[in-house]
Amino acid sequence: MSTVKDLIGQAVDRLADDLESISHKIHGHPELAYQEVKAAGWLADFLGGQGFKVERGVAGVETAFRATIETGAGPTIAILCEYDALPTIGHACGHNVIATSGAGAGAALAAVRDKLPGGTVQVIGTPAEEGGGGKIRLINGGVFERVDAAMMIHGFDRWILHQDLLGITRAGFEFRGKAAHASADPWEGVNALDAVIQTFNNVSMLRQQMRTDARIHGIVTNGGAAPNIIPEVAACTFYVRAAKLDYMWELYRRVVACAEGAAKATGCTVTVIDMEAPYEPLKRNDTLLGLFKANMTSVGAIESRAPDRLGSSDIGNVSQVIPAIQPMVQIAPHGTPIHSREFEAAAVTALARQGMCQAAKTMAMTTYDLLADPGLVKRARAEFESMQ
Ligand SMILES: [Zn+2]
Ligand SMILES: [Zn+2]
């Protein structure tokens, strides 16, 4: 007799052609942040056809959606889809596969709906990951308030259960001084460019005391108008990244202090301009990862060692409000970097189809585990609360 997990696997195999065709359509019509009208529409239509109740434009975000099936009282588990593309290089981050893995997981759960324990399954369409922080708007709009745990996958060149994501916050500094002739009356001027240079020097000194998993990098965005004018306005922008949220904010405050000190030293004034909502670090959840790993192994995927390179994503923000995971799924040959033309081409190959199906099965089975044993949901929550 087949188990529910066997039936989930069979459902994904049955739907694989449909899922792959949506994946290829999304890939063939790359849409940028908040313009993913077609992708969101295709996914929402598909999920509606599988028996989900579909809400479009949730939290006031036109290209977000939420598809829900309820089977009684119990936990709410969300599976997240991304579907935005990159400027000029299309789906070089493989979000077409993220989208159809998530939709496929949801559809497989809908197919075994009669056998699901009590609870709610949501497939949530989250736009604008590559810039614009779609998930942050959904968090602020309350979309995750009643969700107990969330999961998504990301395409990669190998399977990795957990890869740290650095939190990132961005700050602009605009210094104001006083213009004067740089040769005739330099003593009449207050040099705003000096404040920018001093800020870089201060930050360079700060770097020596920084933890190794943090990054600070900046550029000068305005260095004055002409060498014979003491610059009255000058500006720079810094990105501050760290693997832990509190450390990211601590560093951010120290970078602001570097700019304020530079302003004081040079006699300028400084305005701090906060830019874009920060992407927060990914908070690890071993309870969810453990379930994912067991299911991933059962569908034939093998975990590789994580490379020591670090990026950022708005799934980090979700992981700071509820337990959430983002394992990496192989959809491209080993050694293919994301955001490359090669990765874009790989995202529609047989390997991408295989990764999509394995990921859909793994997420659906993991969701099933959580519905079947709400104690696991409680354990994931307790772990979430005990983690920094
Ligand atoms: Zn990307
Ligand atoms: Zn991506």
Side-chain angles (χ1 to χ4, degrees), residues 22-24 26-36 39-40 43 61 63-64 78-105 123-139 150-168 170 215 239 241 276-282 306-307 309-319 324-333 335-349 351-352 355-356 359-360 363:
I22 299 171
S23 172
H24 287 196
I26 295 173
H27 188 275
H29 296 87
E31 297 167 304
L32 299 180
Y34 295 122
Q35 296 164 28
E36 316 94 327
L43 293 162
V61 181
T63 54
I79 299 163
L80 310 188
C81 300
E82 290 174 3
Y83 31 79
D84 59 324
L86 289 156
T88 74
I89 52 172
H91 274 289
C93 209
H95 291 188
N96 56 307
V97 179
I98 300 178
T100 47
S101 297
V123 180
I124 301 177
T126 68
E129 185 279 328
E130 294 289 358
K135 293 184 196 66
I136 301 167
R137 288 179 63 187
L138 299 190
I139 291 168
M151 69 190 84
M152 62 174 288
I153 57 91
H154 198 293
F156 209 51
D157 69 339
R158 70 198 87 175
W159 285 79
I160 300 169
L161 211 48
H162 171 86
Q163 186 166 33
D164 277 332
L165 291 173
L166 298 181
I168 178 170
R170 308 162 176 90
R215 306 275 188 276
Y239 288 5
R241 306 191 198 224
E276 280 190 57
Y279 280 15
E280 298 182 341
L282 183 63
R309 35 182 302 279
L310 296 165
S312 304
S313 169
D314 59 2
I315 184 63
N317 299 59
V318 177
S319 79
I325 57 171
Q326 179 189 249
M328 298 285 158
V329 169
Q330 185 179 22
I331 67 165
T336 314
I338 58 170
H339 289 207
S340 68
R341 300 265 180 205
E342 292 73 22
F343 201 86
E344 194 261 358
V348 283
T349 56
L351 192 55
M356 173 190 78
M363 287 195 287

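Source: prediction; values computed, not measured. One-based numbering, in listed order, for ligands and for the atoms of each.
Between His27 and His95, a ring centre-to-centre spacing not shorter than 6.0 Å is recorded.
Tyr83 and Ala99 make their closest contact through CB-CB, 4.1 Å (heavy atoms, listed as atom of the first residue, atom of the second, distance).
Among pairs with a residue in residues 81-91, those fulfilling salt bridge (Lys or Arg N to Asp or Glu O under 4.0 Å) read Glu82-Lys135, at least two apart in sequence or across chains.
Counting only distance, with no hydrogens or angles, the side chain of Glu31 and the backbone of Ala39 share a donor-acceptor pair below 3.5 Å. The backbone N or O of Ala332 sits less than 3.5 Å from a side-chain atom of Gln330, completing a donor-acceptor pair.
Of all protein N/O/S atoms, those lying under 2.8 Å from the Zn ion (ligand 2) come to 3.
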Test log, rule side-chain contact (heavy atoms from CB on, under 4.5 Å), inputs Leu138 and Val318: CA-CA 9 Å; Leu138 299 190; Val318 177; over 6 Å; no

